[in-house]
Amino acid sequence: MRKTTVTTDISEAATQLLEGGIIGFPTETVYGLAGIIDSETAISTIFRVKGRPSDNPLIVHIAHPSQLDDVAAEVPELAWQLSSALWPGPLTMLLKKRSSIPDAITAGRETVAVRMPAHPAALALLSAIGQPVAAPSANPFGCISPSQAQHVLKYFDGKIPLILDGGPCQVGIESTIVGFDGPNIIIYRHGSVTAAQIAAVTDARCIYKQSGPKVVAPGMFPRHYAPVTPLLFSNNIQELAQLHSGKKIGLLHYGEHFSSNDIVASYSLSSSDSMEEAAANLYSALHKLDNYGLDLILVKEFPMEGIGIALNDKLKRASYQQ
Ligand code: AMP
Ligand code: MG
């Protein structure tokens, strides 16, 4: 394939999609790798280019809540409540799928994952094409997610025709994924939308589903979002740095900061102790540190509240060693 075009031109991106191509596109969470849902070629190309196992379903992105009925066979009242309160936004809902949704997208499941992204370029693109796209994150399976167009280019230059550049992602980590079970809302993957926010706009009880032997969402794989450089994450990074003295260490810090001879690179995730800012910076900081030929990246645990729960969950998976 010829060189990948990086552009801000929505109509060029729309043309590629309508011709059955796959493109990198911005959302407020991370960049996605999108194809229109009724192009078998586009969907199979997404799986091939990403190296994603075919049993990992893709999220369907829509331009407006009214499109829910086009993809879902049943939309419970709780789902309408969540969509009107929290969309557009980083919340994905698992709903019973319409038979028209190809099995390749849902990996043969009865449910389809749907989300209305909050990025203006994503919404303009989805409106321009007038149909949903299926899109996982635009990274090779298991690697650090992309939060800038340049990250997508680094991974897929020459492998996809186009990347729509919408600047750095404002949220920076993947969407919260929820499903419905009668009066209960099940949280399958933590993201920036918290159980407290969900509880504030519905009467539902929120239950967190721990990853079991059968992985429900790939965001629940023990190892995911991982840099090539080994990453360790703990509440006491100073102690960890001492334990690994003599190694070339990179530090990602939030709040607490220290220096030592072993720390050869260090990034602050937030200048104002904001976990939201830290989330927006996390993946690009990991991309940078991963280029430094370090022996080790150390990250301090976040407070287990708000978006900190999702951040710790990502870091735990990024640090997992087989
Ligand atoms: P990614 O955008 O790469 O984080 O991947 C999409 C996420 O949505 C993955 O964690 C998927 O497993 C999840 N997902 C998509 N469709 C379904 C589904 N039908 N059931 C469960 N999880 C899903
Ligand atoms: Mg992903």
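It should be emphasised that the depicted structure is a prediction, and the values quoted were computed from it without experimental measurement. Ligands are counted one by one from 1 in listed order, and the atoms in each one are counted from 1 as well.
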Taking only non-hydrogen atoms of K97, do any sit less than 4.0 angstrom from ligand 1?
no
Ligand 1 versus M93, non-hydrogen atoms closer than 4.0 Å: side chain, backbone, both, neither?
neither
Compute the minimum heavy-atom distance from L58 to ligand 1 and say whether it is under 4.0 Å.
yes
Below 3.5 angstrom, do we get any N/O pair linking E174 and ligand 1?
no
Could you tell me, atom by atom, which parts of ligand 1 come under 4.0 Å of a heavy atom of I59?
6 (C), 7 (C), 8 (O)
Those atoms of ligand 1 less than 4.0 Å from some heavy atom in R109:
18 (C), 19 (N), 20 (N), 21 (C)
Contact region, R189 to ligand 1, non-hydrogen atoms below 4.0 Å, reads side chain
Flag the pair V71 / L95 as yes when at least one side-chain heavy-atom distance between them is below 4.5 Å, and no otherwise.
no
Keeping D290 on the side-chain end and T229 on the backbone end, is there a donor-acceptor pair under 3.5 Å?
yes
Measuring to the Mg ion (ligand 2), does S137 have an N/O/S atom at a distance below 2.8 Å?
yes
Are Y155 and L162 grouped together when hydrophobic residues (ILVMFWY) are joined by side-chain heavy atoms under 4.5 angstrom apart?
no
Neighbour count >12 (heavy atoms, 6.0 Å) for atom CZ, R205
no
So, H119 side chain and G166 main chain: donor-acceptor pair closer than 3.5 Å or not?
yes
Near P136, which atoms of ligand 1 are under 4.0 Å from a heavy atom of that residue?
2 (O), 3 (O)
Of I177, V30, T111, L94, the one whose closest heavy atom lies nearest atom 13 (C) of ligand 1 is I177
Check whether any side-chain N or O of T176 sits under 3.5 Å from a backbone N or O of G191 as a donor-acceptor pair, and report yes or no.
yes
Could you work out the complete set of other residues in the hydrophobic cluster of I59, with links drawn between I, L, V, M, F, W and Y side chains under 4.5 Å apart?
none
